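As the structure lists them, so they are numbered: ligands from 1, and atoms in each ligand from 1. One-based numbering along the sequence shown. Note that the coordinates shown come from a computational prediction; the quantities given were computed from them, not determined experimentally.
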Amino acid sequence: MPRTDSGTVFAPLPGFRLLLGFLDATRQRDLMAAVQAVLAEAPAYHAAMPKTGQKMSVAMSNAGALGWYTDKDGGYRYIAQHPETGRAWPAIPQIALDVWRAVVPEASEPEACLINLYRDTAKMGLHQDRDEADFSAPVVSISLGDEALFRLGGTTRKAPTRAFKLSSGDVLVLGGEARLAFHGIDRVLPGTSRLVPGGGRINLTLRRVT
Ligand code: MD6
Ligand code: FE
């Protein structure tokens with residue numbers, strides 16, 4: 001059971017799994033190198049929120065058949081090409097596919113790998129992952145680099161929330177009842193890791209989309 005920022009433990013919704021230190025230092029470095037190769041081909045950008053057009057503080061890119069994207073007019077969606085280069089997204093790094101297979105062996109192959117890059121004071125507001133057609137498939141996330149305070153709530157926005165720390169190499173699964181739990185990143189703790197070149201945190205989220 002996760003230990004929260006206030007030192008207490010709590011029981012999250014069924015289907016929530018936090019695998020602390022799932023990737024050892026070597027596999028973190030190898031995955032980081034693979035992510036850098038993806039970003040060299042598909043540069044990270046600051047996507048804009050629907051309606052307001054407000055740019056997100058987190059920079060994003062994708063790997064896989066489909067990539068999550070948002071802009072002012074089109075809203076949240078999955079697209080098959082990088083919005084600026086027009087090219088197909090690079091393949092999902094093998095280590096990330098291996099994590100998916102190991103932690104959710106019952107699920108079909110992931111179609112999307114969103115890459116979230118947090119520099120400086122970037123954070124992510126409380127949200128549900130609900131732009132996919134099928135919520136029966138879990139979402140698997142892998143954290144690399146600086147530690148972050150992850151906030152997890154219930155399936156309604158007003159349900160109580162708790163924050164706990166995610167560190168480099170941790171893997172988090174939102175499946176079952178937890179698949180639609182609200183969650184976000186309160187803040188990143190700068191300088192807590194040297195893994196990400198230039199500093200900061202990277203989170204990969206693997207998903208089925210169709
Ligand atoms: C992050 N993670 O850790 C943001 N979504 O940077 C997510 O939004 C997320 O970690 C779905 C499932 C797991 C996650
Ligand atoms: Fe999410």
Original post:
Considering all heavy atoms of both residues, which atom of Met56 and which atom of His46 are nearest to each other, and what is their separation?
Top reply: O-ND1, 2.9 Å
Original post:
Which ligand 1 atoms are under 4.0 Å away from a heavy-atom of Ile185?
Top reply: 1 (C), 3 (O), 4 (C), 6 (O)
Subject >> Test: Arg157 cationic atom under 6.0 Å from Phe182 six-membered ring centre, within 45° of axis >> reply: no
Original post:
Going through the checks in order, is the side-chain contact (heavy atoms from CB on, under 4.5 Å) test met by Leu166 and Leu172?
Top reply: CA-CA 9 Å; Leu166 286 183; Leu172 189 153; 3.9 Å; yes
Original post:
Can you name the N, O or S atom of His127 that is closest to the Fe ion (ligand 2)?
Top reply: NE2
**OP:** For the pair Phe150 and Phe164, name the ring-plane relationship: parallel under 30°, tilted 30 to 60°, perpendicular over 60°.
**Re:** tilted
Subject >> CA sep, side-chain torsions, deciding dist, call: Asp98, Gln94, side chain to side chain donor-acceptor pair (under 3.5 Å) >> reply: CA-CA 6 Å; Asp98 292 346; Gln94 186 60 45; 2.8 Å; yes
**OP:** Kindly identify the option in Asp129, Leu117, Asn203 whose heavy atom sits closest to atom 11 (C) of ligand 1.
**Re:** Asp129
Original post:
Which atoms of ligand 1 have any heavy atom of His127 under 4.0 Å away?
Top reply: 8 (O)
**OP:** Could you tell me whether Arg201 and ligand 1 have an N or O pair separated by under 3.5 Å?
**Re:** yes
**OP:** Would you check the N or O atoms of His183, main chain and side chain alike, for any that come under 3.5 Å of an N or O of ligand 1?
**Re:** yes
Original post:
Taking only heavy atoms of Ser141, which atoms of ligand 1 are found under 4.0 Å from at least one of them?
Top reply: 10 (O), 13 (C), 14 (C)
**OP:** Heavy-atom contacts with Val139 under 4.0 Å: which atoms of ligand 1 show up? List them by number with element.
**Re:** 11 (C), 12 (C)
Original post:
Is the closest basic N to carboxylate O distance between Arg179 and Glu132 below 4.0 Å?
Top reply: yes
Original post:
Is the side chain of Arg77 donor-acceptor paired with the backbone N or O of Gly75 at a distance under 3.5 Å, no angle test?
Top reply: yes
Original post:
How is the N/O/S atom of Asp129 that comes nearest to the Fe ion (ligand 2) named?
Top reply: OD1
Subject >> Contact check: Ser143 vs ligand 1, nitrogen or oxygen atoms, below 3.5 angstrom >> reply: no
Original post:
Among Tyr118, Trp68, Phe16, which residue places a heavy atom closest to atom 4 (C) of ligand 1?
Top reply: Tyr118
**OP:** Under the ring pair (Phe, Tyr, Trp, His ring centres under 6.0 Å) rule, collect the residues that match up with Tyr76, sequence neighbours excluded.
**Re:** Trp68
